[in-house]
**Q** 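Submitted below is the structure of interest, expressed as structure tokens.
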Amino acid sequence: MLRALADHGTVTAAAEVLHLTPSAVSQQLAALESEVGQELLERRGRRVAITSAGRLLLEHADTILTEVERAEEAMRRHAEGATGEIRVAAFATAISLLVAPSLVSLRASTPGLRLVVRDVEGHQGITQLLDGEVELAIAVEHRGTPRADDERLTRIPLYAEPFVAVIPSTHPAADAQSVDLTALSADDWVMTSIGNPLRDVVLLACEQAGFQPRIVHTSDDFHSVAALVAANAGVSLIPRLAVPTPSPAVIRPLTDPPPVRRVFAATRRGQADNPLIAATLKTLAETAADLPLTP
């Protein structure tokens, strides 16, 4: 009301602009003076003038009203799905290969989106998603994964990544163009830890090849796995995109058909229509399509 009075000169004109009665405006301005504890207006005949205290308060009023408009605009954009925060749970390789590049693209295409990334193992993302701790998860398919038709989730496949053999340079198969899994049956193995879904994939592949691997060392860090292999501690299988570059160990493709790591993104079904989540899923899928999955 003080701003309207300054703009329009009289209480009557200010009241008309504000769709109030002149007496209501006068009462509110008197209440403002009482709250401030200083005279904001002085009467000059039939008109009122704004005092120096009133002009000082007007400077702050302009700032306050500007921030209120910004807040209203921000809330409008949020309601329309143009701004907001999305929490994403993903395992380390997916963060470096998918999330980080997608983040760059989303800054340009969806500037109102703020991604918050959590590094979790491939089997933990879905748990956090269903518990409401994140809005989106990038996870690895394994025996404990909810079924594709689970009504709680909307899922999109991202990529299927073949495993490769990781062997010491002194291994008899090091000179081969590709490695048959049975050639590693007599070796010690470096394996991911119990509970890691990749361990199940590798164990199943070895079982189908007719042997049970002799697991001596465990690590969920693929740089550590490659370092142990290079030190002749054993052999291993690693998803192709997770191979350290440069690798201290010898990397060879497996003869067909190799085991694969199947990676997908998921959100809770009730949030699938959120424009920010939809934009993130679309960008993740586009980034995944460009991954170098062929040798």
Side-chain angles (χ1 to χ4, degrees), residues 88-103 117-126 136-145 156-169 171 173-174 178-179 181 184 187-206 213 215-231 233-266 284-285 287-295:
V88 181
F91 53 96
T93 307
I95 290 175
S96 60
L97 295 176
L98 288 179
V99 179
S102 295
L103 184 57
V117 182
R118 293 186 178 182
D119 187 342
V120 301
E121 292 297 333
H123 58 296
Q124 296 173 337
I126 294 299
L136 197 152
I138 300 176
V140 175
E141 193 78 56
H142 64 100
R143 287 183 297 179
T145 304
I156 63 167
L158 294 176
Y159 61 89
E161 172 187 14
F163 281 73
V164 293
V166 187
I167 55 180
S169 60
H171 196 280
S178 61
V179 175
L181 197 52
L184 310 179
D187 292 288
D188 291 339
W189 278 71
V190 184
M191 191 77 68
T192 50
S193 58
I194 296 174
N196 189 314
L198 300 187
R199 184 184 180 106
D200 290 342
V201 175
V202 174
L203 288 176
L204 178 60
C206 293
I215 301 169
V216 177
H217 310 282
T218 58
S219 175
D220 291 327
D221 179 86
F222 295 125
H223 286 80
S224 299
V225 170
L228 286 169
V229 171
V235 299
S236 189
L237 300 186
I238 290 180
R240 191 179 119 67
L241 296 177
V243 173
T245 304
S247 172
V250 174
I251 307 299
R252 292 289 182 267
L254 291 165
T255 53
D256 291 334
V260 295
R261 170 164 71 171
R262 300 187 184 280
V263 178
F264 65 95
L284 287 169
T287 304
D290 292 332
L291 290 176
L293 291 172
T294 56

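Quick note: residue numbers are just sequence positions, from 1.
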**Q** Return the minimal non-hydrogen interatomic distance between Val225 and Ser219, and the atom names on each side.
**A**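 That closest heavy-atom pairing would be CG2-O, 3.7 Å.
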**Q** With a 3.5 Å distance limit and no angle check, can you tell me whether Arg118 reaches the backbone of Gly125 through a side-chain donor-acceptor pair?
**A**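 The answer is no, because no donor-acceptor pair under 3.5 Å joins these two groups.
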**Q** How long is the straight-line distance from CG of Leu228 back to NE2 of His223, given to the nearest 0.5 Å?
**A**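 The distance works out to 13.0 Å.
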**Q** Counting distance only, does the side-chain N/O of Glu161 pair as donor-acceptor with the main-chain N or O of Arg261 below 3.5 Å?
**A**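 No, the answer is negative, given that no donor and acceptor are paired below the 3.5 Å cut-off.
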**Q** Could you tell me whether the side chain of Ser236 and the main chain of Val190 form a donor-acceptor pair under 3.5 Å?
**A**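 Side chain of Ser236 to backbone of Val190, a donor-acceptor pair under 3.5 Å: yes, one is there.
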**Q** For Ala92, which residues count as a side chain to side chain contact (heavy atoms under 4.5 Å, CB included) partner, sequence neighbours excluded?
**A**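 Scan of Ala92 (side chain to side chain contact (heavy atoms under 4.5 Å, CB included), adjacent residues dropped) gives Asp119.
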**Q** Calculate, to the nearest 0.5 Å, the distance between atoms CD and CD1 belonging to Glu141 and Ile126 respectively.
**A**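 Taking CD in Glu141 and CD1 in Ile126, the distance rounds to 9.0 Å.
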**Q** Looking at Val202, Leu204, Leu203, which one forms a side-chain contact (heavy atoms from CB on, under 4.5 Å) with Cys206?
**A**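 Running side-chain contact (heavy atoms from CB on, under 4.5 Å) over Val202, Leu204, Leu203 with Cys206 returns exactly one hit, Val202.
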**Q** Would you name the heavy atoms of Pro162 and Pro258 that are closest together and state the gap between them?
**A**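 That closest heavy-atom pairing would be CB-CG, 4.0 Å.
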**Q** Closer than 3.5 angstrom, by distance alone: can the side chain of Asp220 be matched with the main-chain N or O of Ser193 as a donor-acceptor pair?
**A**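 Between the backbone of Ser193 and the side chain of Asp220 there is a qualifying donor-acceptor contact (under 3.5 Å).
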**Q** What is the distance from atom CG of Leu97 to atom CG of Asp290, rounded to the nearest 0.5 Å?
**A**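 Output value for this atom pair is 12.0 Å.
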**Q** Would His142 and Val201 satisfy side chain to side chain contact (heavy atoms under 4.5 Å, CB included), going step by step from the backbone distance to the final call?
**A** CA-CA 8 Å; His142 64 100; Val201 175; 5.9 Å; no
**Q** Just to verify, what does His171 make a side chain to side chain contact (heavy atoms under 4.5 Å, CB included) with, not counting sequence neighbours?
**A**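 With sequence neighbours excluded, His171 shows a side chain to side chain contact (heavy atoms under 4.5 Å, CB included) to Ile167, Pro168, Ala173, Leu184, Asp187, Val235, given in chain and number order.
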**Q** Would you mind reporting whether Ser178 and Asp256 have side-chain heavy atoms less than 4.5 Å apart?
**A**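 No, their side chains stay 4.5 Å or more apart.
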**Q** Could you tell me which non-hydrogen atom of Ala174 sits nearest to which non-hydrogen atom of Val250, and how far apart they are?
**A**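 Distance-wise, the nearest heavy atoms are O-CG1, 4.1 Å.
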**Q** Ignoring hydrogens, what is the shortest heavy-atom contact between Val166 and Ala226? Give both atom names and the distance.
**A**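 Scanning both residues, the minimum pair turns out to be CG1-CA, 4.4 Å.
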**Q** How close do Ile138 and Phe91 get, counting heavy atoms only, and between which atoms?
**A**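 Shortest heavy-atom separation between Ile138 and Phe91 comes out as O-CD2, 3.7 Å.
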**Q** Less than 4.5 Å apart, any side-chain heavy atom of Leu237 and any of Leu181?
**A**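 Yes, close enough: below the 4.5 Å cut-off.
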**Q** Roughly how far apart are Tyr159 OH and Leu98 CG, rounded to 0.5 Å?
**A**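 Separation between the atoms: 5.0 Å.
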**Q** How long is the span from the CG atom in Leu241 to the CZ atom in Phe222, to the nearest 0.5 Å?
**A**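 Leu241 CG to Phe222 CZ: 11.0 Å, rounded to 0.5 Å.
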**Q** To the nearest 0.5 angstrom, please state how far the CG atom of Leu284 sits from the CG atom of Leu136.
**A**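 The distance works out to 6.5 Å.
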**Q** Where do Arg240 and Pro292 come nearest, in terms of heavy atoms and distance?
**A**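 Answer, listing the atom of Arg240 first, then Pro292: NH2-O, 2.8 Å.
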